[in-house]
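For reference, the structure discussed in these notes is given below.
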Amino acid sequence: MKKIAVFASGNGSNLQAIIDAVKQGKIKGAEVKVMVSDKKDAYALKRAQNNNIETKIFLPADFSSREDYDRAVVAYLRAMQIDLVVLAGFMRLLTPYFVAAFPNRIMNIHPSLLPAFPGAHGVADALAYGVKVTGCTVHFVDEGMDTGPIILQESLPVYNHDTEESLRQRIQKLEHRLYPHAIALWVQGKIKLEGRRCLIDDK
Ligand code: GAR
């Protein structure tokens with residue numbers, strides 16, 4: 001059984017989608033062992049608690065540097081024997097120390113078609129730029145901001161009447177399908193990395 005740690009700073013709708021997918025047997029051979037947050041009022045914490053998942057809060061203010069923070073997080077993940085780290089709206093950049101501790105075992109979801117519109121405002125930036133197609137990306141995390149190897153992407157059209165909120169809602173619908181699928185592929189050993197290309201064996 002692979003042990004997953006989900007990291008979230010906010011609402012946790014992707015966390016919920018992952019929990020539901022595990023329950024529905026869509027991610028076989030894995031469990032969400034812990035949910036980690038950097039915010040003590042993240043609604044994601046409630047969702048985890050409602051599903052009897054252990055929660056752990058690491059507050060940035062309790063650490064003197066980003067690396068100290070990540071050293072504590074990594075020590076915790078090792079103690080919990082975590083196999084895969086899943087960032088789901090975790091709004092902190094990981095240090096090289098963290099990334100090196102879990103090589104190709106950290107995933108992130110981002111609300112744009114990377115490499116377009118990385119960063120904290122992917123939906124608003126795509127809308128303001130005027131693209132006609134956007135979407136979401138699941139990728140492995142490297143030391144950059146949203147720059148790691150792309151695992152899965154899905155696109156959708158941008159409409160004239162879209163607002164940031166309407167576009168975000170449609171993107172999140174895609175995310176809730178795409179993220180569990182990417183995790184299931186990883187658990188089944190179906191993602192092969194060749195350079196920065198993820199070759200998916202989805203037979
Ligand atoms: C998701 O839409 C995710 O793509 C985005 O945060 C949202 C979290 O929603 N992540 C980023 O923008 C990362 N740069 P959730 O808390 O409801 O899952």
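Counting starts at 1 for both ligands and their atoms, in listed order.
- Shown here for Met107 and Ala182, the closest heavy-atom pair between the two residues is CE-O, 3.7 Å.
- Ligand 1 has no N or O atom lying under 3.5 Å from any N or O atom of Leu15, backbone or side chain.
- Across all their heavy atoms, Val158 and Thr134 have their closest contact at CG2-CG2, 3.7 Å.
- The heavy-atom pair separating Met145 from Leu93 by the smallest distance is CA-CD1, 3.9 Å.
- For atom 16 (O) of ligand 1, the nearest non-hydrogen atom from the set Gly12, Gly10, Gly89, Pro111 belongs to Gly12.
- Remark: minimum distance from atom 17 (O) of ligand 1 to any protein heavy atom is reached at Ser13 OG, 2.6 Å.
- Assignment of Ala44 to the shell around ligand 1 is not supported, since no heavy atom sits closer than 4.0 Å.
- Of all the heavy atoms of Gln172, the ones lying under 4.0 Å from any atom of ligand 1 belong exclusively to the side chain.
- Residue contacts with ligand 1 do not include His121, since none of its heavy atoms lies under 4.0 Å from the ligand.
- The 12-atom threshold is not exceeded at CD of Glu194, counting heavy atoms of other residues, nucleotides or ligands nearer than 6.0 Å.
- With hydrogens left out, the protein atom closest to atom 3 (C) of ligand 1 is Glu175 OE2, 3.6 Å, a heavy atom.
- At a 3.5 angstrom cut-off on N or O pairs, Asn108 does not count as close to ligand 1.
- Looking at atom 13 (C) of ligand 1, its nearest protein heavy atom turns out to be His110 ND1, 3.8 Å.
- When the shell of 6.0 Å around NZ of Lys3 is examined, it contains more than 12 heavy atoms from other residues, nucleotides or ligands.
- The closest approach between a heavy atom of Gly122 and any atom of ligand 1 is not below 4.0 Å.
- Ranking protein heavy atoms by distance to atom 10 (N) of ligand 1, first place goes to Ile109 O, 3.6 Å.
- Remark: side-chain polar atoms of Lys192 are paired, donor with acceptor, to backbone N or O of Gly189 under 3.5 angstrom.
- Nearest heavy-atom pair, Leu113 versus Thr137, reported as atom, atom and distance to 0.1 Å: CA-OG1, 3.6 Å.
- For Arg170 (side chain) and Pro157 (main-chain N/O), a donor-acceptor pair under 3.5 Å exists by modelled atom type.
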